[in-house]
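Down below is the structure, laid out as structure tokens.
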There are 2 protein chains.
Amino acid sequence: MIHLDHRDGRPIYQQILDGFREQIRAGVLMEGDRMPSVRELATQLAINPNTIQRAYRELEFQGWIASVAGKGSFVCGVPQSDAQELLQAFDKLTTTLLSMGIPARELAARIEKGGEDHA
Amino acid sequence: MIHLDHRDGRPIYQQILDGFREQIRAGVLMEGDRMPSVRELATQLAINPNTIQRAYRELEFQGWIASVAGKGSFVCGVPQSDAQELLQAFDKLTTTLLSMGIPARELAARIEKGGEDHA
DNA sequence: GTAACTGTACTAACACAGCTAATACACTTA
DNA sequence: TAAGTGTATTAGCTGTGTTAGTACAGTTAC
């Protein structure tokens, strides 16, 4: 379920975009699942259908979903480029933290701590 | 030296903000160092002084620099809140990557790889 | 074939943020 | 006094985000 926060600085279509990306990454939405229709989600979130469509168009362009006129929009999965970008962000963040003097052991320890559910 | 990229989606004042934060984190700018004056940097970057001032005001509010009328702006260092926020971002990113099935060992290995200069 | 649902496209209009421009004032230093 | 600092204010332009309204084409079930 997508949740909008008007205090969030990000535009609405971006929040929708990020929300679905997170759900697909987490496996809440899986390959083949049907996305809510543009009009249905617009009504539910009390916003304009055009804003939903903009998010969907972007999701399709990036390879997260596939839209078929008359049928609906369907989840494709996590595009290859996404994992690559996240790992790149991880490296950059790691480099910054190390340059600030935070020991590599502490970062490694945090990975174990956060990954208890996935160990 | 701050570098602006007009293809970057971030507004100019944000790029300046981030640029100085990175320089202070990396130790390029150290506590007590003098920041370039509002007008000087504006001329150098060919933008309006107000835009620089906006970035400086924010930097001062967040505790990165201290400004004194008539004298200039001076580096304070990395605020405590910053390291905390970066570690929080690290945890969130780590959780996402683990949820996508990337093994903790691979992330740990990347830390070592990126931290060779700081080991 | 018709109705009801899908996605898609387009135009117009409004609000707000980012940025510029111009000006002014107060403080510090030589 | 002059030249350099930071700071404040107002006005205006521009682009982006969003809404509103309308329209068209494809799919599905009756």
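Every chain is numbered from 1 and lettered A, B, ... according to where its sequence line falls, protein lines coming before strand lines.
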d(CG, A/L41; C1', C/dC5) in whole Å: 16 Å

Distance-only polar pair, side chains of B/Q84 and B/Q88, donor-acceptor under 3.5 Å: no

side-chain contact (heavy atoms from CB on, under 4.5 Å) assessment of A/I12 paired with A/H6: CA-CA 8 Å; A/I12 298 178; A/H6 288 281; 4.2 Å; yes

Short heteroatom pairs, N/O only, protein and nucleotides 15-21 of chain C, under 3.5 Å:
residue	atom	partner	partner atom	Å
C/dG18	OP2	B/R54	NH2	3.0
C/dC19	OP1	B/I12	N	2.2
C/dC19	OP2	B/I12	N	3.4
C/dC19	OP2	B/Y13	N	3.4
C/dT20	OP2	B/N48	N	3.3
C/dT20	OP2	B/T51	OG1	2.6
C/dA21	N7	B/N48	ND2	3.4
C/dA21	N7	B/N50	ND2	3.4
C/dA21	N6	B/N50	ND2	2.7

In one Ile/Leu/Val/Met/Phe/Trp/Tyr side-chain cluster, 4.5 Å: B/I2, B/I52: yes

Cationic N near anionic O, under 4.0 Å, B/R110 to A/D91: yes

In one Ile/Leu/Val/Met/Phe/Trp/Tyr side-chain cluster, 4.5 Å: B/Y13, B/V38: no

Below 4.0 Å: OP1/OP2 of C/dG7 and any side-chain N or O of A/S67: no

Sugar-phosphate, base or nothing in reach of A/E60, heavy atoms under 4.0 Å: sugar-phosphate

Heavy-atom pair of closest approach, residues A/Q62 and A/R21: OE1-NH1, 2.6 Å

Whole angstrom value for the distance that separates P of C/dT28 from CZ of B/R34: 14 Å

Contact list for residues 29-45 of chain B, test salt bridge (charged side-chain N to carboxylate O under 4.0 Å, His left out), sequence neighbours left out: none

Joint cluster assignment, A/L4 & A/F20, ILVMFWY side-chain distance < 4.5 Å: yes

For atom CZ of B/F74 and atom P of C/dT28, their distance in whole Å: 12 Å

Spacing between A/M35 atom CE and C/dC5 atom C1', to the nearest angstrom: 18 Å

For atom CZ of A/R57 and atom C1' of C/dG7, their distance in whole Å: 11 Å

Rounded distance in Å - CD (A/E58) to P (D/dT16): 14 Å

Closest heavy-atom pair and its distance - A/I111, B/L98: O-CD1, 3.9 Å

Nearest-angstrom distance from the residue atom CD of A/Q53 to P of D/dG17: 15 Å

What's touching nucleotides 25-30 of chain D from the protein side, N or O pairs under 3.5 Å?
none

Separation of atom CZ in A/F61 from atom C1' in C/dT8, rounded to whole Å: 17 Å

